[in-house]
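Contents: one structure, followed by commentary.
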There are 2 protein chains.
Amino acid sequence: MDPVRRPRGRPRKPVLLESAGLGPRRGLHDQAVERLRALIVAGTLPAGAALVETELSAALGISRTPVREALKLLAVEGLVELRPNRSPRVAELRADAVTELFEAIAAIERAAAELAAGRIGPAELERLRRLQAEMEAHHAAGDLAPYFALNQQIHALIVASARNAPLREAHEALHARAEIARRRALDRRGRWDESVAEHRAILAALEARDAERAGRLLADHVGHTGAALLAGLAGPDTKPDAA
Amino acid sequence: MDPVRRPRGRPRKPVLLESAGLGPRRGLHDQAVERLRALIVAGTLPAGAALVETELSAALGISRTPVREALKLLAVEGLVELRPNRSPRVAELRADAVTELFEAIAAIERAAAELAAGRIGPAELERLRRLQAEMEAHHAAGDLAPYFALNQQIHALIVASARNAPLREAHEALHARAEIARRRALDRRGRWDESVAEHRAILAALEARDAERAGRLLADHVGHTGAALLAGLAGPDTKPDAA
DNA sequence: TTGGCATGAATTGCATGCAGAGCACCAAAA
DNA sequence: TTTTGGTGCTCTGCATGCAATTCATGCCAA
């Protein structure tokens, strides 16, 4: 036996950099949520993959406890399926689930746009205008890459402008799954032109503080996006066939 | 030293009754979520109360691990506030949060009603009619007690009839906090008459499969309820003064 | 060959140990 | 008397150990 009492856990660095550094550095379970979510959204952990606690904890360099907590939280988000006494799996995203997902997002964004029309402030409107201008510039230049990040920022900003925490949280919770659908629908160029124009109309409705129109336009826009993604999901399996 | 290797954990009963009993008996963390949620909603654990892991685990007769997991999940629901390295607290429910909460519920139920108008089946419609009849019977008899349970069943059934899992989950997640507001607003009789009539109108719109009207009526109904609760919350603090 | 059961490996679920963060209280200095 | 530094306690966060459950494999019997 070893009478020497040494620390059992792997030596954690004393975390002096807590506030000294830049990041607020939350707990390990929180970091685990983010890293696992990124891996799932990126497809590195493909749908249906078994998420074995010991493997994940080894891969992330942490113990099983925070991994378990992270998996439970990701299950709430719908990214992971928990099965009693079995390894959780990365949730499958079937076509009908994508339909429901975009219906739900459209519903939330419609309500958010209606509220935002009455509550959005000058600074937020200005930021929206700038994002829209950026998006149009990239569009004119034929530069597709920044579109998706800008698109997400615009939608998030509109929801934030509604100043309603539960709606915003529900929206965020659905975002990761929507992103998975976006990444899987390879042909994303098709709706680019339409989408930019729709965004312009939505911005105009918000500037006019026309709640009903803003809500309807945004809900339709999300619906169109969902339908386009759905078509993109159905297609690629049948071999694009072209070079 | 004790060479005898006896089980460390407290002896768990071998759970033969797993399927033999009545309940499907999920994990302890799941039961902990439900019990804690019930305690918070009932006000037994009042807003602002510190939730010390060791106390809860002792009170529930389980170890800290499932308690910790339960607290994280309740935090996602907004019932509990997590603070790094400090005891979680039961979340306060301020007036503006109640306003946002009912805005969000109204948004979700409006969308659900619109979808349900096109998707609700005969069995669900029949069940809605029966619930409405029950509610009217209790109303006619002046029997307030069953109103709240029936009310919740009706709303839940409408949302379920929309056949949209993300919307339903978002709705469920908001329900506990709304229930807290309901319990705190003591004067609930005020809106009883109106509420029953509004439910009748909503049912009629669903039967007519008028999506826009069903959505608008339901959203207005939820908005009225929220406003009434808000008024009820503002009042009681000022001493009811009566016996 | 095939069906049924036993055996065992893999894995979850829960309990518990240990280090560090945060807070309260007290003492000493200004 | 007020403020500052110290000291100890409490509690969280993470790591790890152990039993129960599940799935796969193989053996035996029909």
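As the structure is a prediction and not an experimental result, all values here were calculated from the model.
- Sorted by first then second residue, the salt bridge (Lys or Arg N to Asp or Glu O under 4.0 Å) pairs that include residues 42-57 of chain A, not counting sequence neighbours, are A:Glu53-A:Arg64, A:Glu53-A:Arg68.
- To the nearest angstrom, P of C:dT12 lies 9 Å from CG of A:Leu71.
- One atom, NE2 of B:His29, and another, P of C:dG13, lie 6 Å apart when rounded to the nearest Å.
- Here ring pair (Phe, Tyr, Trp, His ring centres under 6.0 Å) pairs that include residues 152-171 of chain A, with residues two or more places apart or in two chains, are A:His155-A:His199, A:His155-A:His221.
- Atoms CZ (B:Arg83) and P (C:dA21) sit 18 Å apart, rounded to a whole Å.
- When all heavy atoms of B:Ile105 and B:Ala178 are compared, the pair lying nearest together is CD1-CB, 3.7 Å.
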N/O donor-acceptor pairs under 3.5 Å from side chains in residues 88-95 of chain B, not counting sequence neighbours:
residue: B:Arg89; atom: NE; partner: B:Gly48; partner atom: O; Å: 3.0
residue: B:Arg89; atom: NH2; partner: B:Gly48; partner atom: O; Å: 2.8

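- The residues A:Arg182 and A:Glu179 are annotated as salt-bridged, a charged nitrogen and a carboxylate oxygen being separated by less than 4.0 angstrom.
- Residues B:Ile120 and B:Leu157 fail the side-chain proximity criterion, which asks for heavy atoms closer than 4.5 Å.
- For the pair B:Glu69 CD and C:dT12 P, the interatomic distance rounds to 13 Å; values are reported in whole Å.
- Summarising the geometry, the separation between CZ on B:Arg26 and C1' on C:dC14 is reported as 17 Å, rounded to the nearest angstrom.
- Contacts between residues 73-80 of chain A and DNA chain D, defined by a heavy-atom separation under 4.0 Å, are absent.
- Contact between the side-chain N/O atoms of B:Arg86 and the OP1/OP2 oxygens of D:dC11 is not found at any separation under 4.0 Å.
- Not one side-chain nitrogen or oxygen of B:Thr65 sits closer than 4.0 Å to the OP1 or OP2 atom of C:dC14.
- Side chains of B:Ser161 and B:Arg119: no donor on one and acceptor on the other come within 3.5 Å.
- For residues 145-165 of chain B, every residue pair satisfying the salt bridge (Lys or Arg N to Asp or Glu O under 4.0 Å) rule, not counting sequence neighbours, is listed here: B:Glu124-B:Arg163.
- Shortest non-hydrogen contact noted between A:Arg37 and A:Leu79 is CG-CD1, 3.7 Å.
- The separation between A:Arg64 atom CZ and D:dA19 atom P is 15 Å, rounded to whole Å.
- Contact check of residues 44-55 of chain A against DNA chain C (heavy atom, cut-off under 4.0 Å) returns A:Leu51, A:Val52, A:Glu53.
- Atom pair A:Leu56:CG and D:dA15:C1' shows a separation of 16 Å (rounding to whole Å applied).
- Rounded to an integer number of Å, the gap from CG of A:Leu60 to P of D:dA15 is 11 Å.
- Which of D:dT16, C:dG13, C:dT16 sits closest to the side chain of A:Ser63 comes down to D:dT16.
- Remark: A:Ser87 is in phosphate contact with C:dT12, judged by side-chain N or O atoms under 4.0 Å from OP1 or OP2.
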